Amino acid sequence: MTDLRREFEQSAEDIQRLGVRPDNDTLLKLYALYKQGSEGDLRSSQPGFFDFVGTAKYEAWGQLRGTPKDEAMRRYIELVRQLLDA
């Protein structure tokens with residue numbers, strides 16, 4: 001396992017200790033960066049019309065299409081650090 005992957009996974013654990021819940025936009029960024037960093041480009045079908053949360057997550061992740069996994073992992077780690085330092 002690479003150092004970047006270890007740091008990425010550690011950041012995913014660290015964010016669970018965050019004392020204050022981030023706003024919805026930040027949560028969507030975290031979700032999308034995590035998914036892009038761990039799985040790569042979105043390949044699933046869009047959720048149903050009335051699945052508002054699922055649709056928001058789908059769209060946030062879809063906006064990162066083409067972003068390399070390593071870059072998504074770095075951006076995720078940086079966002080987690082910013083949230084923990086705030």
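Given the structure is predicted, the values throughout are model-derived calculations rather than measurements.
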Interatomic spacing from CG in Leu42 to CD in Glu59 - rounded to 0.5 Å: 10.5 Å
message: Membership question, hydrophobic clusters at under 4.5 Å side-chain separation (ILVMFWY): are Ile15 and Tyr31 in the same one?
response: no
statement: Sorted by chain and residue number, the side-chain contact (heavy atoms from CB on, under 4.5 Å) partners of Leu28 (sequence neighbours excluded) come out as Ala56, Lys57, Ala60
field: CG-OG1 distance between Leu83 and Thr26, expressed to the nearest 0.5 angstrom
entry: 6.0 Å
- request: For Asp25, check side-chain contact (heavy atoms from CB on, under 4.5 Å) against everything at least two apart and list the hits.
  value: Asp23
- prompt: Nearest 0.5 Å, what's the CG-OG distance between Leu79 and Ser11?
  reply: 9.5 Å
task: Report the distance from atom CG of Leu4 to atom CD of Glu9, rounding to the nearest 0.5 Å.
output: 10.0 Å
query: Who pairs with Glu13 by side-chain hydrogen bond (donor to acceptor under 3.5 Å, both in side chains), at least two apart in sequence or on another chain?
result: none
- request: Would you list the pairs meeting ring pair (Phe, Tyr, Trp, His ring centres under 6.0 Å) in which at least one residue belongs to residues 36-58, sequence neighbours left out?
  value: none
task: Considering only NZ, NE, NH1 and NH2 on the basic side and carboxylate oxygens on the acidic side, decide whether Glu71 and Arg75 come within less than 4.0 Å.
output: yes
query: Pairs in or reaching into residues 34-52: which pass side-chain hydrogen bond (donor to acceptor under 3.5 Å, both in side chains), with residues at least two apart or in two chains?
result: Lys35-Glu39, Gln36-Asp41, Gln36-Trp61
Those residues that, when tested against Gln63, pass side-chain hydrogen bond (donor to acceptor under 3.5 Å, both in side chains) (two or more places apart): none
query: Got Leu18 and Pro22 here, is their nearest side-chain heavy-atom distance under 4.5 Å?
result: yes
- prompt: How long is the span from the CZ atom in Phe8 to the OG1 atom in Thr2, to the nearest 0.5 Å?
  reply: 10.5 Å
